[in-house]
Each structure stands twice: as C-alpha cells, then as structure tokens.
Amino acid sequence: MRVLLTGAAGFIGSHIHRALTAAGHEVIAVDLMLPAAHGFDATPPPGVSLLDVRDPDGLDVHLRGIDAVCHQAAVVGAGVSAQDAPAYAAHNDLGTAVVLAAMDRAHCHHLVLASSMVVYGEGRYRDTAADFIPGPRDRADLDRGVFDHRSASGDALDWIPIDESAALHPRSLYAASKVAQEHYALAWATATSSTVTALRYHNVYGDDMPRDTPYSGVAAIFRSSLEAGESPRVFEDGRQARDFVHVRDIAAANVAALEQPLAAFTPLNIASGHPITIGEVASILATASGGKPPVVTGDYRSGDVRHIVASPEKARHALGFTAAITPADGLADFAHAPLRAAAATGSPTWR
C-alpha cells in the first residue's frame, strides 16, 4: 500500500513511519516542522518532506498514486491560553479540511485520523440511577480540595470505562479542534462514500517523546523533574484515573487501521486496557529512575477532568488490536528511554 503520512517527523508520526515501513508499505512522509513542536530552524529528518497540509497544491502533488492517508499532523496539548485557539483551528481543523478536499480530488478514499480521548471531556461515572457523564467540576469545590464528582447524597462517584458511543463534550481548545476534525471527516466520508477510522488515543508515552514544554505529556514532565533531581509534582490528590498507552502500540493500531478499512466512519479507543492513576505513574517513574518520590500538591488546572478511562473492546473486535505493553512495564522502561533532544519553542502560531 502507498500511504501519505502527515506529521511524520513528530513523536507519534515517527513511530508510525517506522511501523508502516517495517510492514512493507511505501510511505510518503511529510511534516511542517512547527517550531512549537520541533524548535526554530528545524529541518525534516531523512525520508520526510516539508509540507504544510493547508497547502492544496502541495497536497495534490503528494497524493498522486496514494491508496490511503494517515493524518497525524496537528498542534497538540490542552492549550496554554485562549490565545492558542487560532493555532488549533488553523492547523487541526482547516488542515484536516484541506486534506479531505485534496483526497477527494485524488480519488483517495481511506483515511486514518489521529483523534484523542479528549473528545469525551469527562469520563463516565456510575450513580444509583444510571451511568452518566457529569458536567465540569465546581471551582469552589476544587479550591476546597473536593476533586471527585459526588452523588446527591455526597458520596464520591466511581468511574466506569467509556466507550465510543459516548457523547462528545470537549473541555479544552485542543479537544474542540479534535471534535471538529472528526466531524469534518464524518461529513467527508458520507459525501464521498469513503472510509474513516478515527483512532482516539489515550495518554501516549514512550521513547522519543518531547520534553520540557507545556504541551508535553505528563509522563515526560515527570521525567524532566526527576532528571533535574526534583520530585514529580502531582496535581489534585493523585488519584485521577487514566489509561496510558505506549507509542509502539499506537503505531501498531495505525498499521492495523490502514490495512483494514472499516465502516464509513468508525471511532475507536486506542488504550492499554489497564487503568492507572496519575500518582501511580509518578511513583513508577520515580522508583524506576531512583529519583525523589512524588509530591501530591493539591493544586489543580482549570479544565482538567477527574477520570477518563477507555474501553478498548471495540478496537479489539473491529481491528483485532490489543495493546502489547502494560503501563506498569512500559512506564518503568520509559524512565530510562531517550527523549527528544530538540526543544520545542514557544506557543503554536496559526500562520
């Protein structure tokens, strides 16, 4: 198969590039090399061409003879301030729309889209009456150290795994852009009789992860603290539940999705299936690296959700995909894994 891979020089994209090549596919790899991800004056690595996915003429050239597109190019992270909104809209949403229009001109009808767990907002909870997804937490409760969602009787609610049928409730700028990407892709698939598999990544970590940037994942931020001889600082009470999935499993899921087109639009959770708390993540990394133990700060970030844990069953049934690396093993290895040497620079810009 001849695959156009966007965002091919990024953390996840570079792993997908290697996995597709190892599987025998021909990869046409492109990346814009945004300074916010790669640093100023970064040049594409060998085998990757410089391309802005908002450039329709450039896309027309690169889409010649392409069988499928693996669209990873995006500005990532939760968004540091409201001023980041134009960058998310320009790169993620406009970029996806331009890619879809170019695919239509090239008669290329299979897209694998990098989506995210953030489209759900909060996770799903069990109450005595029914399972439900709650609204945002009250700031006054957070200020008092009350982090859990509560039932009418005041008891902390237990989370349950969220599946792909859940409604989408974005709570960050990044989340809003990922929902928009999915909606554009769904509309395109319907209009063109094409297939889209939207892979909703949960917390991705692994070798070659970027470091020392507000847009980095929490595992890399903890790593940086430990390497500086500091304790990882854990927000809230450290009991926030998440699913951490290794980047090599993410790459394997992309290969499977490219090789097995599904129904017109199919969203899939890509997760390890082994829930873990943020406090446990910090403790595993600290123990494995011989660093200082974590400090639970009680601080919180506006817009953070309490728990979000995936059900990976649909991906297992639809693609035969099951993550091979558990968070316990993968995070212990990640404590010594190489991180990206090039430091990201500044906030993303939309131009």
Side-chain angles (χ1 to χ4, degrees), residues 12 112-136 148-149 151 156-172 174-175 178-179 181-183 185-186 195-206 217-219 239-258 260-281 304-331:
I12 294 173
V112 174
L113 174 67
S115 188
S116 171
M117 67 173 189
V118 298
V119 299
Y120 298 120
E122 267 287 357
R124 181 172 279 158
Y125 294 78
R126 175 171 289 126
D127 201 353
T128 53
D131 299 341
F132 75 109
I133 296 176
D148 283 309
H149 291 284
S151 67
L157 293 175
D158 293 327
W159 61 264
I160 58 175
I162 197 164
D163 62 31
E164 294 83 354
S165 68
L168 308 184
H169 294 288
R171 303 279 174 88
S172 69
Y174 175 58
K178 300 310 282 187
V179 171
Q181 283 184 296
E182 286 201 13
H183 286 170
L186 170 58
T195 57
V196 176
T197 304
L199 302 180
R200 292 174 178 169
Y201 304 157
H202 285 250
N203 293 73
V204 186
Y205 70 98
V218 66
R239 297 175 186 166
Q240 311 92 297
R242 298 289 190 271
D243 189 301
F244 277 71
V245 57
H246 199 280
V247 68
R248 290 198 293 273
D249 282 322
I250 292 288
N254 274 271
V255 174
L258 284 161
Q260 301 175 63
L262 301 173
F265 180 85
T266 305
L268 298 174
N269 287 326
I270 304 300
S272 74
H274 296 273
I276 189 170
T277 68
I278 298 298
E280 288 172 328
V281 171
D304 274 1
V305 301
R306 179 57 173 168
H307 304 298
I308 174 71
V309 173
S311 168
E313 288 304 302
K314 188 175 179 181
R316 183 171 67 85
H317 288 294
L319 291 180
F321 169 78
T322 300
I325 303 170
T326 65
D329 291 338
L331 287 164

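This structure is a prediction, so every number in the text was calculated from the model and none was measured. Scope of the values below: all heavy atoms of this structure, side chains included, with no hydrogens, waters or symmetry mates.
Contact annotation: the side chain of N269 never approaches that of M117 to less than 4.5 Å [non-hydrogen atoms, C-beta and beyond]. I162 places a side-chain heavy atom less than 4.5 Å from the side chain of I308. In this structure, the side chains of L186 and V196 stay at 4.5 Å or more apart for every pair of heavy atoms. When side chains are defined from C-beta on, E182 counts as touching L168, because their heavy atoms get closer than 4.5 Å.
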(message) Assess the residue pair Y201 and I12 against the criterion (side-chain contact (heavy atoms from CB on, under 4.5 Å)); give the C-alpha distance rounded to whole Å, side-chain angles, the decisive distance to 0.1 Å, and a yes or no.
(response) CA-CA 11 Å; Y201 304 157; I12 294 173; 3.9 Å; yes
(request) Before giving the answer on side-chain contact (heavy atoms from CB on, under 4.5 Å), spell out for Y125 and H307 the whole-Å C-alpha distance, their side-chain angles and the decisive distance to 0.1 Å. (result) CA-CA 9 Å; Y125 294 78; H307 304 298; 3.5 Å; yes
(request) Show the numbers, then the answer: is there a side-chain contact (heavy atoms from CB on, under 4.5 Å) between R242 and V305? (result) CA-CA 10 Å; R242 298 289 190 271; V305 301; 3.8 Å; yes
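Note that the CZ atom of F244 and the OG1 atom of T277 stand 9.0 Å from one another [nearest 0.5 Å]. Residue I160 holds its CD1 atom at 3.5 Å from CG of D131, rounded to the nearest 0.5 Å. The distance from atom CZ of R124 to atom CG of L157, rounded to the nearest 0.5 Å, is 14.0 Å. Taking CD1 of I276 as the start and CG of N203 as the end, the distance is 10.0 Å to the nearest 0.5 Å. For the atom pair CD1 (I133) and CH2 (W159), the distance works out to 14.0 Å, reported to the nearest 0.5 Å. Distance check, rounded to the nearest 0.5 Å: CG of L113 to OG1 of T266 gives 12.0 Å.
Across all their heavy atoms, P134 and R171 have their closest contact at O-NH2, 2.9 Å. Here the closest non-hydrogen pair linking A219 and L331 is CB-CD2, 4.4 Å. T195 approaches L262 most closely through the heavy-atom pair CG2-O, 3.3 Å. Of all the heavy atoms in I270 and A315, the pair that sits closest is CD1-CB, 4.1 Å. Closest heavy-atom contact between A198 and F265: CB-CZ, 4.0 Å. The heavy-atom pair separating A318 from Q260 by the smallest distance is O-OE1, 3.9 Å.
Look at R239 and D148 and you find no salt bridge, because none of the NZ, NE, NH1 or NH2 atoms lies under 4.0 Å from a carboxylate O.
Using modelled atom types, one finds a donor on one side chain and an acceptor on the other under 3.5 Å when comparing R200 with Y120. Of the N and O atoms on the side chains of D243 and S272, at least one donor lies less than 3.5 Å from an acceptor on the other residue.
At least one donor-acceptor pair under 3.5 Å links the side chain of D249 to the backbone N or O of A324. K178 places a side-chain N or O within 3.5 Å of a backbone atom of A114 that can act as its donor or acceptor partner.
The aromatic ring centres of Y205 and H246 sit less than 6.0 Å apart.
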